[in-house]
Amino acid sequence: MSNLGKFITLEGVDGAGKTTHIEFIKNYLSDLNVNYVMTREPGGTALGEKLRDILLHDEMSPETETMLMFAARNEHINKVIRPNLMKGAVVISDRFTDATYAYQAGGKGVKDEKIDILKKWVQESLKPDLTFLFDLSVEVSIERLNKTRKLDKFEREDKSFHKNIRKKYLTLAKASSERFCILNSEESIKKIQNQIKLKLDEVVV
Ligand code: TMP
């Protein structure tokens, strides 16, 4: 499938400030009168949100977790992502398949090859046009998380888990540098937003 609209994904370690920047992206695209849909994973559909609740709170094997992530993703792609891209909208997903490679493979040891199979099955030719990676050192990420809110299952994991996730994200970014835009979350919000703006102007406007 060739995208009529643009598919943008947001990725990063927990605590990297995605929420703040999502608000900025929404306001920026609204000001430009761009037709966009902001969605998230796991989630984005009624069933996906139920699966999110299970995924974020119930213990399960990493393989089960991977398959449930893709079950939610299948619904999300077929009910939200593809239909909106076909209408020419910009679809922005707060996390997508890179998160499965980072968390379930990088963090929990699921083999990349198993994820490759599910990805091919569920996504077919769909892939993001642009991925913002909010990158942050694990020390700062954990410090921020401890200050903010009640932590979910993933956020409560130890430092080495978060280190492995960051490492995997950076490896993915290097392998697909044509679609990744790495943002240093330790920079000022203003500086990060300027970089986001430049990239959105390039890809969307
Ligand atoms: P969020 O807090 O950014 O909304 O993401 C929810 C959590 O789910 C986050 O800790 C990352 C995790 N996650 C995975 O482990 N695998 C995935 O494929 C996705 C999409 C999210």
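In listed order, ligands and their atoms are each counted from 1.
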| said: With a heavy-atom distance limit of 4.0 Å, tell me whether Arg95 approaches ligand 1 through its side chain, its backbone, both, or neither. | reply: side chain
| For ligand 1, is any non-hydrogen atom under 4.0 Å from Thr97's backbone (N, CA, C, O), its side chain (CB onward), both, or neither? |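 Near ligand 1, Thr97 shows nothing, with every heavy atom at 4.0 Å or more.
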Would you say [X] and ligand 1 have an N/O pair spaced under 3.5 Å apart?
X: Gln104; result: yes
X: Thr100; result: yes
X: Arg73; result: yes
X: Arg52; result: yes
X: Glu65; result: no

Numbering as shown, the atoms of ligand 1 that approach [X] to under 4.0 Å (heavy-atom distance):
X: Asp14; value: 9 (C), 10 (O)
X: Pro42; value: 8 (O), 19 (C), 20 (C), 21 (C)
X: Phe154; value: 7 (C), 8 (O), 10 (O), 12 (C), 15 (O)
X: Glu41; value: 20 (C)
X: Lys18; value: 3 (O)

Distance-only polar pair, side chains of [X] and [Y], donor-acceptor under 3.5 Å:
X: Thr131; Y: Thr9; value: yes
X: Tyr103; Y: Asp14; value: yes
X: Arg144; Y: Ser185; value: no
X: Thr64; Y: Ser61; value: yes
X: Glu157; Y: His162; value: no

| query | Is Met69 in contact with ligand 1, taking contact as a heavy-atom separation below 4.0 Å? | reply |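 Right, Met69 reaches ligand 1.
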| said: If I compare all heavy atoms of Glu186 with all of Leu136, which pair ends up nearest, and what's the gap? | reply: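 Reported closest heavy-atom pair: CG-CD1, 3.4 Å.
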| Distance under 6.0 Å and angle within 45° of the ring axis: does Arg166 meet both against Tyr169? | no
| query | Is Val138 reachable from Val13 through a run of I, L, V, M, F, W or Y residues, each pair having side-chain heavy atoms under 4.5 Å apart? | reply |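 No.
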| message | Does any part of the side chain of Leu133, heavy atoms only, come nearer than 4.5 Å to the side chain of Leu170, both counted from C-beta? | response |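 A side-chain contact exists here, since the closest heavy-atom pair is under 4.5 Å.
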